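Let me begin by presenting the structure, written as structure tokens, before commenting on it.
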Amino acid sequence: MELFEAIYSRRSIRKYQDRSVSSETINRILGAAMMAPSAGDDRPWHFIVVEGSEAVGSIQSALPHAEMAKGAPLAIVVCADTQVEKFPNNWMLDCAAATENLLLAAHGLGLGAVWVAIYSFDDFVAGARKHFSIPDTVEPLALVVLGYPAESVANEDRFDASRVHKGKWGS
Ligand SMILES: Cc1cc2nc3c(=O)[nH]c(=O)nc-3n(C[C@H](O)[C@H](O)[C@H](O)COP(=O)(O)O)c2cc1C
């Protein structure tokens, strides 16, 4: 898929076909996530890959708002190893960039995906930490639920000239 087509047609997909995703496809998506920029090139990201509808569905016991995980074939938790950070508190920026790459790569390969919040909600962070045995030195940022889409969401053009300032704020 062409880059601009991918950016403009990506939407959050929350319904998935009962079809597994190959390891090759998962690795291509993770490779794209790891191509993201990061502060000081510290690449703090780690990815917990959860495969199979039973394991993915069980995530809802820890993250009740992740209703779409029920029946989904794949989920990926994007985490950061804060010990490798070169600049304090940049891990969420690095991992957000990786998550967007992940979403776009999934879309480009014909999958649908949605970013489900973990950061910055204390109860979601605690739930994810317990469910996935995440150590204290690692921070979970987001759960991405994926699969081949069973719904289509219309494209939108969100360009808004009022959000663009020329030279200084307000002009
Ligand atoms: C930081 C962040 C947290 C999000 N958390 C959730 C979530 O918990 N549940 C959910 O269904 N979607 C979540 N989303 C997806 C947004 O609802 C979605 O991106 C937004 O409505 C725009 O729609 P689009 O992704 O189709 O462009 C989240 C997105 C971001 C960036």
Side-chain angles (χ1 to χ4, degrees), residues 1-18 21 25 29-30 32-39 43-50 53 55-82 85 89-132 134 138-164:
M1 194 184 290
E2 194 261 330
L3 175 66
F4 270 76
E5 186 194 343
I7 291 171
Y8 276 86
S9 62
R10 183 215 56 81
R11 297 300 313 271
S12 292
I13 297 296
R14 299 178 176 86
K15 291 191 171 75
Y16 317 95
Q17 297 171 33
D18 181 16
V21 181
T25 298
I29 291 168
L30 293 175
M34 294 185 213
M35 289 305 296
S38 59
R43 307 178 198 176
W45 38 67
H46 284 249
F47 303 90
I48 302 172
V49 178
V50 185
S53 56
V56 176
S58 76
I59 294 171
Q60 222 201 326
S61 64
L63 301 171
H65 62 307
E67 297 107 353
M68 73 298 286
K70 224 176 203 160
L74 176 64
I76 298 173
V77 186
V78 183
C79 307
D81 178 357
T82 56
E85 267 198 315
N89 288 323
N90 275 234
W91 64 266
M92 70 287 285
L93 306 174
D94 301 335
C95 286
T99 304
E100 174 66 356
N101 268 17
L102 194 160
L103 293 175
L104 284 171
H107 177 53
L109 292 173
L111 292 163
V114 61
W115 177 326
V116 181
I118 298 180
Y119 179 84
S120 61
F121 301 91
D122 290 346
D123 46 344
F124 298 162
V125 171
R129 201 175 278 297
K130 189 162 179 235
H131 189 80
F132 298 107
I134 297 170
V138 174
E139 293 290 343
L141 178 96
L143 171 77
V144 180
V145 180
L146 311 96
Y148 288 95
E151 65 172 344
S152 72
V153 181
N155 294 356
E156 281 179 359
D157 186 350
R158 296 175 182 165
F159 181 78
D160 179 352
S162 73
R163 298 296 183 92
V164 182

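Along the sequence shown, residues carry numbers from 1. Remember, it's a predicted structure, so these values are computed and weren't measured experimentally. Counting starts at 1 for both ligands and their atoms, in listed order.
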Expected rows: ligand 1 N/O, protein N/O, dist below 3.5 Å:
unit_1, atom_1, unit_2, atom_2, d
ligand 1, 5 (N), W115, O, 3.4
ligand 1, 5 (N), A117, N, 3.2
ligand 1, 8 (O), A117, N, 3.1
ligand 1, 11 (O), R14, NE, 2.8
ligand 1, 11 (O), R14, NH2, 3.3
ligand 1, 12 (N), R14, NH2, 3.2
ligand 1, 12 (N), W115, O, 3.4
ligand 1, 14 (N), W115, O, 2.9
ligand 1, 17 (O), R14, NH2, 3.3
ligand 1, 19 (O), S12, OG, 3.4
ligand 1, 25 (O), R10, NH1, 3.0
ligand 1, 25 (O), R10, NH2, 3.3
ligand 1, 25 (O), S12, N, 3.4
ligand 1, 25 (O), S12, OG, 2.5
ligand 1, 26 (O), R11, NE, 2.8
ligand 1, 26 (O), R11, NH2, 3.3
ligand 1, 26 (O), S12, N, 2.7
ligand 1, 27 (O), R10, NH2, 3.0
ligand 1, 27 (O), R11, NE, 3.4
ligand 1, 27 (O), R158, NH1, 3.1
ligand 1, 27 (O), R158, NH2, 2.7

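Looking only at distances, a side-chain donor or acceptor of H65 sits under 3.5 Å from a matching main-chain atom of A117. The main-chain N or O of A39 is found under 3.5 Å from a side-chain atom of D94 such that the two form a donor-acceptor pair.
Among pairs with a residue in residues 143-159, those fulfilling salt bridge (Lys or Arg N to Asp or Glu O under 4.0 Å) read R11-E156, E156-R158, at least two apart in sequence or across chains. Among pairs with a residue in residues 99-124, those fulfilling side-chain hydrogen bond (donor to acceptor under 3.5 Å, both in side chains) read S9-H107, at least two apart in sequence or across chains. For the side-chain hydrogen bond (donor to acceptor under 3.5 Å, both in side chains) condition, no pair includes a residue of residues 69-79, sequence neighbours left out.
Atom OG1 in T82 sits 9.5 Å away from atom CG in N89 (nearest 0.5 Å).
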